[in-house]
Amino acid sequence: MPRENYDLLGKIKQRSSLYLGKRSLSHLHVFWDGYTFARRQLGIPITEQETKFEEFQEWIENRFNQADTQSWSRIILFYSEDEADALKRFFDLFE
C-alpha cells in the first residue's frame, strides 16, 4: 500500500508552518484539497490511503455527533480554541 499520503501528513505534522504557512487546520484542509486535486488532474490513481482518508469525514461526524453539513475541519475547529489547537487536535484524532 502506498504510504506517500500519510507520509506527507507526517511531514506536515512535524513542520506545519513550512507546508501551511502557519499552524492552521483551515490551511491544512486547503492544502490537502489542492494536493488531491493536483493528483487527479495528473491522472494519478486514488490510493487506498486516500480512500481511507475519505472515511475520516464520517468518523468525525460520528465522533462529535454532527450532521454531514460541515467539513471535518470545520467540526474540529468548532470544538477547538483556535486554528493551532484545531491542527493539533486533528493529528490527535487522525492517529
Side-chain angles (χ1 to χ4, degrees):
M1 169 170 36
R3 293 196 36 81
E4 61 197 39
N5 299 15
Y6 290 172
D7 289 345
L8 177 57
L9 284 175
K11 290 176 183 177
I12 292 170
K13 180 180 180 182
Q14 293 298 315
R15 302 189 65 191
S16 56
S17 295
L18 175 68
Y19 289 91
L20 308 176
K22 67 177 188 173
R23 295 187 49 76
S24 164
L25 184 62
S26 297
H27 284 216
L28 173 64
H29 195 152
V30 170
F31 178 96
W32 192 258
D33 285 349
Y35 172 77
T36 54
F37 176 77
R39 289 177 57 89
R40 301 296 173 285
Q41 290 294 106
L42 294 170
I44 299 171
I46 235 177
T47 65
E48 189 175 334
Q49 288 181 338
E50 286 175 308
T51 302
K52 291 286 284 177
F53 188 81
E54 290 173 4
E55 296 172 8
F56 186 66
Q57 174 71 37
E58 184 177 342
W59 186 83
I60 288 294
E61 291 168 6
N62 292 330
R63 171 78 167 73
F64 290 96
N65 196 27
Q66 295 290 317
D68 61 353
T69 59
Q70 298 292 325
S71 67
W72 53 265
S73 61
R74 293 276 215 163
I75 294 169
I76 295 170
L77 183 57
F78 181 79
Y79 290 99
S80 303
E81 293 179 28
D82 56 24
E83 287 280 350
D85 180 56
L87 184 64
K88 179 188 178 309
R89 184 173 274 203
F90 163 81
F91 285 114
D92 291 344
L93 291 164
F94 184 72
E95 291 172 357

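Both backbone and side-chain heavy atoms feed into the values below; hydrogens, waters and symmetry mates do not.
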Check your understanding: Under a 4.0 Å N-O cut-off, is there an ion pair linking Lys13 with Glu95?
Key -> yes

Check your understanding: Does atom OH of Tyr79 have more than 12 heavy-atom neighbours from other groups under 6.0 Å away?
Key -> yes

Exercise for review: Compare every heavy atom of Leu77 with every heavy atom of Ser26, then report the nearest pair and how far apart it is.
Suggested key: OG-CD2, 4.1 Å

Review point. Does a donor on one side chain sit under 3.5 Å from an acceptor on the other, for Gln66 and Gln70?
Key: no

Study note, to complete from the structure: When rounded to the nearest 0.5 Å, the distance separating OG of Ser73 from CG of Asp33 is 8.0 Å

**Study point:** Ile60 side, atom CD1; Glu55 side, atom CD - distance, nearest 0.5 Å
**Key:** 13.0 Å

**Study point:** Asn65, CG atom: more than 12 neighbouring heavy atoms under 6.0 Å
**Key:** no

Check your understanding: Which pair of heavy atoms, one from Ile76 and one from Ala86, lies closest together, and at what distance?
Key -> CG2-O, 3.6 Å

Check your understanding: Should the heavy atoms of other residues, nucleotides or ligands under 6.0 Å from CD of Glu58 be counted, would the total exceed 12?
Key -> no

Exercise for review: Treat each ILVMFWY residue as a node, draw an edge where side-chain heavy atoms are under 4.5 Å apart, and state whether Phe91 and Val30 are in one component.
Suggested key: no

Point to revise | Residue pair Thr36, Ile46: steps toward the side chain to side chain contact (heavy atoms under 4.5 Å, CB included) verdict | key: CA-CA 9 Å; Thr36 54; Ile46 235 177; over 6 Å; no

Exercise for review: Answer whether the closest heavy-atom distance between the side chains of Leu93 and Arg89 falls below 4.5 Å.
Suggested key: yes

Point to revise | Close side-chain approach of Phe64 to Trp59, heavy-atom, < 4.5 Å | key: no

Review point. At what distance, to the nearest 0.5 angstrom, does OG of Ser71 lie from NE2 of His29?
Key: 5.0 Å

Exercise for review: Please state whether the rings of Phe53 and Trp72 are parallel, tilted or perpendicular, taking 30° and 60° as the class boundaries.
Suggested key: perpendicular

Check your understanding: Are Ile12 and Phe37 joined in one hydrophobic group, where the rule is that I, L, V, M, F, W and Y side chains link up if heavy atoms are under 4.5 Å apart?
Key -> no

Point to revise | Taking every non-hydrogen atom, the tightest pair across Arg39 and Thr47 | key: NH2-CG2, 3.4 Å

Exercise for review: For the pair Leu28 and Ser16, evaluate side chain to side chain contact (heavy atoms under 4.5 Å, CB included) and give the outcome as yes or no after the intermediate values.
Suggested key: CA-CA 8 Å; Leu28 173 64; Ser16 56; over 6 Å; no

**Study point:** Between Gln14 and Tyr19, a side-chain donor and acceptor under 3.5 Å
**Key:** no

Study note, to complete from the structure: What one should report as the nearest heavy-atom pair of Pro45 and Glu50 is O-OE1, 4.0 Å

Study note, to complete from the structure: Closest non-hydrogen atoms of Glu83 and Ser24, given as atom of the first, atom of the second and distance, are OE1-OG, 2.9 Å

Review point. In terms of ring plane angle, is the pair Phe31 and Tyr35 parallel, tilted or perpendicular, where the classes change at 30° and 60°?
Key: parallel

Exercise for review: Taking only Lys NZ, Arg NE, NH1 and NH2, and the carboxylate oxygens of Asp or Glu, determine whether Asp7 and Lys11 approach each other closer than 4.0 Å.
Suggested key: no

